[in-house]
Amino acid sequence: MKIFITRIIPEAGLQLFRDAGIEVIQWEEKRELTQAELIENCKKVDGLLIAGRGNIDAEFLNECKHLKVISLFATGYDNVDIAEATKLKIPIGHTPDVLSKATADIAFLLLQNVARKAFFHHKRIINDDWNFFEPLANIGQDLQGKTLGILGLGKIGYEMAKACKGAFEMDIIYHNRSTNKEAEEKLGARRVSFEELLEKSDVISVHANLTDETKDLFNREAFAKMKPIAIFVNTARGPMHNEKDLLEALKNKTIWGAGLDVTNPEPMHFDNELLNMANVAVLPHIGSSTAETRNDMAVLSAKNAIAGIKGERLVKVVNSAIYE
Ligand SMILES: NC(=O)C1=CN([C@@H]2O[C@H](COP(=O)(O)OP(=O)(O)OC[C@H]3O[C@@H](n4cnc5c(N)ncnc54)[C@H](O)[C@@H]3O)[C@@H](O)[C@H]2O)C=CC1
Ligand SMILES: O=C(O)C(=O)CO
């Protein structure tokens, strides 16, 4: 039995494959493998563990329909044609829960950095531009008691809401497909329409899944409805905001600032204008990137892959319909 892994993953996951007697073939080159190379490598194995990008579309799935499992080293599965995988009865595993706190921490970190322009001031010091105490300079904004609007109050959104409530006693409003009872009871969160979320939030933090419905949701029209002091934070997926419209909204002061762990496209080009704006903080998609979380992701994704190869139900499966 063999598994192909598209990146070098933490040892804790590799050990589980050894214990299960499954041979590991890892892609060790720094560059991203091409779709043709992905297909070629998958032809020789029973399962695929995919970390990073990778387009698991209908064409790939039909070329590799012998795969007993595709295990994502991620919780987001927007790069997979789930309907086709389900039709072909290929189980898709993912790694929810274990990364919720780490990812929400990055949303929280971005929010504070933007509110106080911390990344910008750090850059100024590097450029020998230390501005001594000036009452009218280096001005950020308080977060205390402000309104946090969450788009997609699922696992990560809940952790972000909890952090903001605890640290800044923020009022929480949210737009979600369903009511989140726990957030309403424990955090006093209130479910609102998308329009109300845009109009009432001082901070909008995006935590929904990327789908046809959420793609390009934050566009010129949406930014125009937001408050001029609003801070936009996206740690979910870059295509949920329109980057040209975001730049324009920031330049025109339609909104106040933005914190991005995900960009559109990804990677963001180093000379992108957003990177030179004082009220913008950008990170290279590091939401789940802590030693502890990556270890847990390695273990969970390996457990999913091993179960799939053995023909057992995955621990965390996206397309549970295949078992019905
Ligand atoms: N920056 C990073 O490194 C990471 C990013 N992510 C992203 O975060 C996303 C969320 O992860 P979780 O919180 O674990 O997922 P989740 O499934 O627990 O939460 C997503 C929430 O979004 C809601 N939602 C989906 N479509 C919606 C719509 N059209 N309108 C309103 N609400 C909608 C769902 O009902 C759900 O409550 C992932 O799909 C992934 O794209 C996840 C982990 C790390
Ligand atoms: O889990 C995900 O969806 C990520 O984006 C990376 O952890």
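Everything numeric here is computed off the predicted structure, so don't read it as measured data. Side-chain atoms are counted along with the backbone in the values below, which use heavy atoms only and exclude waters and symmetry mates.
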Exercise. Considering residues, nucleotides and ligands other than Lys215, do more than 12 of their heavy atoms fall under 6.0 Å from its NZ?
Worked result: no
For this session: Evaluate the side-chain proximity of Lys200 to Asp171: yes if any heavy-atom separation is below 4.5 Å, no if none is.
Result: no
Problem set entry | Common cluster, Val45/Leu16, ILVMFWY with side-chain heavy-atom separation under 4.5 Å | no
For this session: Run the salt-bridge test on Glu11 and Arg18 with the 4.0 Å N-O cut-off and return the result as yes or no.
Result: yes
Problem set entry | Over 12 non-hydrogen atoms of neighbours within 6.0 angstrom of CD in Glu266 | yes
Exercise. Is a side-chain N or O of Glu273 found less than 3.5 angstrom from the main chain of Leu247, in a donor-acceptor match?
Worked result: no
Problem set entry | Nearest-0.5 Å distance that lies between atom OG in Ser301 and atom CG in Leu72 | 9.0 Å
Exercise. Looking only at heavy atoms, which two atoms of Arg177 and Arg191 are closest? And how far apart?
Worked result: O-NH2, 3.1 Å
For this session: Look only at the side chain of Ser201 and the backbone of Ile204, and say whether a donor-acceptor pair between them is shorter than 3.5 Å.
Result: no
Problem set entry | Heavy-atom pair with the smallest gap, counting every atom of His207 and Gly152 | CB-O, 3.3 Å
For this session: Carefully, step by step, assess Leu260 and His241 under the rule side chain to side chain contact (heavy atoms under 4.5 Å, CB included).
Result: CA-CA 10 Å; Leu260 309 174; His241 67 255; 3.7 Å; yes
Exercise. Is it true that atom CZ of Arg116 has more than 12 heavy atoms of other residues, nucleotides or ligands lying nearer than 6.0 Å?
Worked result: no
Problem set entry | Ile70 and Val80: CA distance, side-chain angles, deciding distance, side chain to side chain contact (heavy atoms under 4.5 Å, CB included) verdict | CA-CA 10 Å; Ile70 297 177; Val80 183; 5.7 Å; no
Exercise. Is the closest side-chain heavy-atom distance between Cys164 and Leu111 below 4.5 Å?
Worked result: yes
For this session: Could you check whether the rings of Phe223 and Phe218 sit parallel, tilted or perpendicular, using 30° and 60° as the cut-offs?
Result: tilted
Exercise. Is there a donor-acceptor pair under 3.5 Å between the side chain of Asn219 and the backbone N or O of Ala222?
Worked result: yes
Exercise. Does Leu246 share a hydrophobic cluster with Val206, counting links as ILVMFWY side-chain heavy atoms below 4.5 Å and allowing steps through other members?
Worked result: yes
Exercise. Taking atom NZ of Lys101 and atom OG1 of Thr290, what is their separation to the nearest 0.5 Å?
Worked result: 10.5 Å
Problem set entry | Asn319 side-chain N/O to Ile90 backbone N/O, donor-acceptor pair under 3.5 Å | yes
Problem set entry | Salt bridge flag under 4.0 Å for residues Glu199 and Lys227 | no
Exercise. For the side chain of Ser320 and the backbone of Val317, is there at least one donor-acceptor N/O pair under 3.5 Å apart?
Worked result: no
Exercise. Hey, does the side chain of Asp46 reach the backbone of Ile309 with a donor-acceptor pair shorter than 3.5 angstrom?
Worked result: no
For this session: Check whether any side-chain heavy atom of Phe168 lies under 4.5 Å from a side-chain heavy atom of Gln112, and answer yes or no.
Result: yes
Problem set entry | pair Phe73-Arg7: side-chain heavy atoms closer than 4.5 Å | no
Exercise. Under a 4.5 Å cut-off applied to non-hydrogen side-chain atoms, are Leu274 and Glu243 in contact?
Worked result: yes
Problem set entry | Under 3.5 Å side-chain donor-acceptor pair for Asp261 and His285 | no
For this session: Look at atom NE2 of His66 and say whether more than 12 heavy atoms of other residues, nucleotides or ligands are closer to it than 6.0 Å.
Result: yes
For this session: Please lay out, stage by stage, how Leu38 and Leu48 fare under the test side chain to side chain contact (heavy atoms under 4.5 Å, CB included).
Result: CA-CA 9 Å; Leu38 180 64; Leu48 166 66; 4.1 Å; yes
Problem set entry | Hydrophobic cluster membership, Ile173 vs Leu148, 4.5 Å side-chain cutoff | no
Problem set entry | Check against side chain to side chain contact (heavy atoms under 4.5 Å, CB included), Asp81 and Leu61 | CA-CA 8 Å; Asp81 187 334; Leu61 289 163; 4.1 Å; yes
For this session: Flag yes if more than 12 heavy atoms outside Lys186 fall under 6.0 Å of its NZ atom; otherwise flag no.
Result: no
Exercise. Is there a side-chain contact between Ile106 and Thr103 (heavy atoms, below 4.5 Å)?
Worked result: no
Exercise. Does the distance from a Lys or Arg side-chain N to an Asp or Glu carboxylate O, for Arg220 and Asp245, drop under 4.0 Å?
Worked result: no
Exercise. Mind checking whether Trp256 and Ile150 sit in one hydrophobic cluster, side chains of I, L, V, M, F, W, Y counted as touching below 4.5 Å?
Worked result: yes
Problem set entry | Within 6.0 angstrom of Glu37 CD, more than 12 heavy atoms from elsewhere | yes
For this session: Anything under 30° is parallel, anything over 60° is perpendicular, the rest tilted; go ahead and classify Tyr77 against His94.
Result: perpendicular
For this session: Run through Ile9, Ile3, Asp19, Ile8 and flag the one making a side-chain contact (heavy atoms from CB on, under 4.5 Å) with Leu14.
Result: Ile9
Problem set entry | Pair Asp142 + Lys146, salt bridge at N-O below 4.0 Å | no
Exercise. How long is the span from the CD1 atom in Ile5 to the CD atom in Gln26, to the nearest 0.5 Å?
Worked result: 5.0 Å
Exercise. With a cut-off of 6.0 Å (strictly less than), are more than 12 heavy atoms of other residues, nucleotides or ligands near CG of Asp129?
Worked result: yes
Exercise. Out of curiosity, does Val280 fall in the hydrophobic cluster containing Leu275 (side-chain heavy atoms, cut-off under 4.5 Å, transitive links)?
Worked result: yes
Exercise. Is Glu312 paired with Lys303 through a side-chain N to carboxylate O contact shorter than 4.0 Å?
Worked result: no
Exercise. Between Thr293 and Leu99, is there a donor-acceptor pair closer than 3.5 Å when you use the side chain of the first and the backbone of the second?
Worked result: no
Exercise. Could you walk me through whether Glu84 and Lys87 pass the salt bridge (Lys or Arg N to Asp or Glu O under 4.0 Å) check?
Worked result: CA-CA 5 Å; Glu84 192 67 17; Lys87 202 165 94 190; 3.4 Å; yes
Exercise. Out of curiosity, Leu49 CG to Phe17 CZ, how far, rounded to the nearest 0.5 Å?
Worked result: 5.0 Å
For this session: Answer yes when Glu159 and Lys162 have at least one side-chain N-carboxylate O distance shorter than 4.0 Å, and no when they do not.
Result: yes
For this session: Would you check if there is a donor-acceptor pair between the side chains of Arg237 and Asn264 at a distance under 3.5 Å?
Result: no
Exercise. Within a strict 4.5 Å, meaning less than it, do heavy atoms of the Met226 and Thr254 side chains meet?
Worked result: no
Problem set entry | Minimal non-hydrogen separation, Ile156 against Ser100, with atom names | CG1-CA, 3.7 Å
For this session: For the pair Arg190 and Glu196, evaluate salt bridge (Lys or Arg N to Asp or Glu O under 4.0 Å) and give the outcome as yes or no after the intermediate values.
Result: CA-CA 11 Å; Arg190 189 168 65 84; Glu196 190 175 347; 3.0 Å; yes
Problem set entry | Closest non-hydrogen atom pair, Gln144 against Ala167 | OE1-O, 4.0 Å
Exercise. Between the side chain of Asn304 and the main-chain N/O of Val315, is any donor-acceptor distance below 3.5 Å?
Worked result: yes
For this session: Please determine, by modelled atom types, if Asp202 and Gln141 share a side-chain donor-acceptor pair under 3.5 angstrom.
Result: no
For this session: Please examine the side chains of Thr263 and Val282, heavy atoms only from C-beta on, and report whether any two atoms are closer than 4.5 Å.
Result: yes
Exercise. Would you say the side-chain atoms of Asn272 pair up with the backbone N or O of Met268, donor to acceptor, closer than 3.5 Å?
Worked result: no
Exercise. Is the count of non-hydrogen atoms from other residues, nucleotides or ligands lying under 6.0 Å from Lys43 atom NZ greater than 12?
Worked result: yes
For this session: Look at the side chain of Thr6 and the backbone N and O of Ala51, then say whether any donor-acceptor pair between them is shorter than 3.5 Å.
Result: yes
Exercise. Any side-chain donor paired with an acceptor under 3.5 Å for Glu184 and Asn180?
Worked result: no
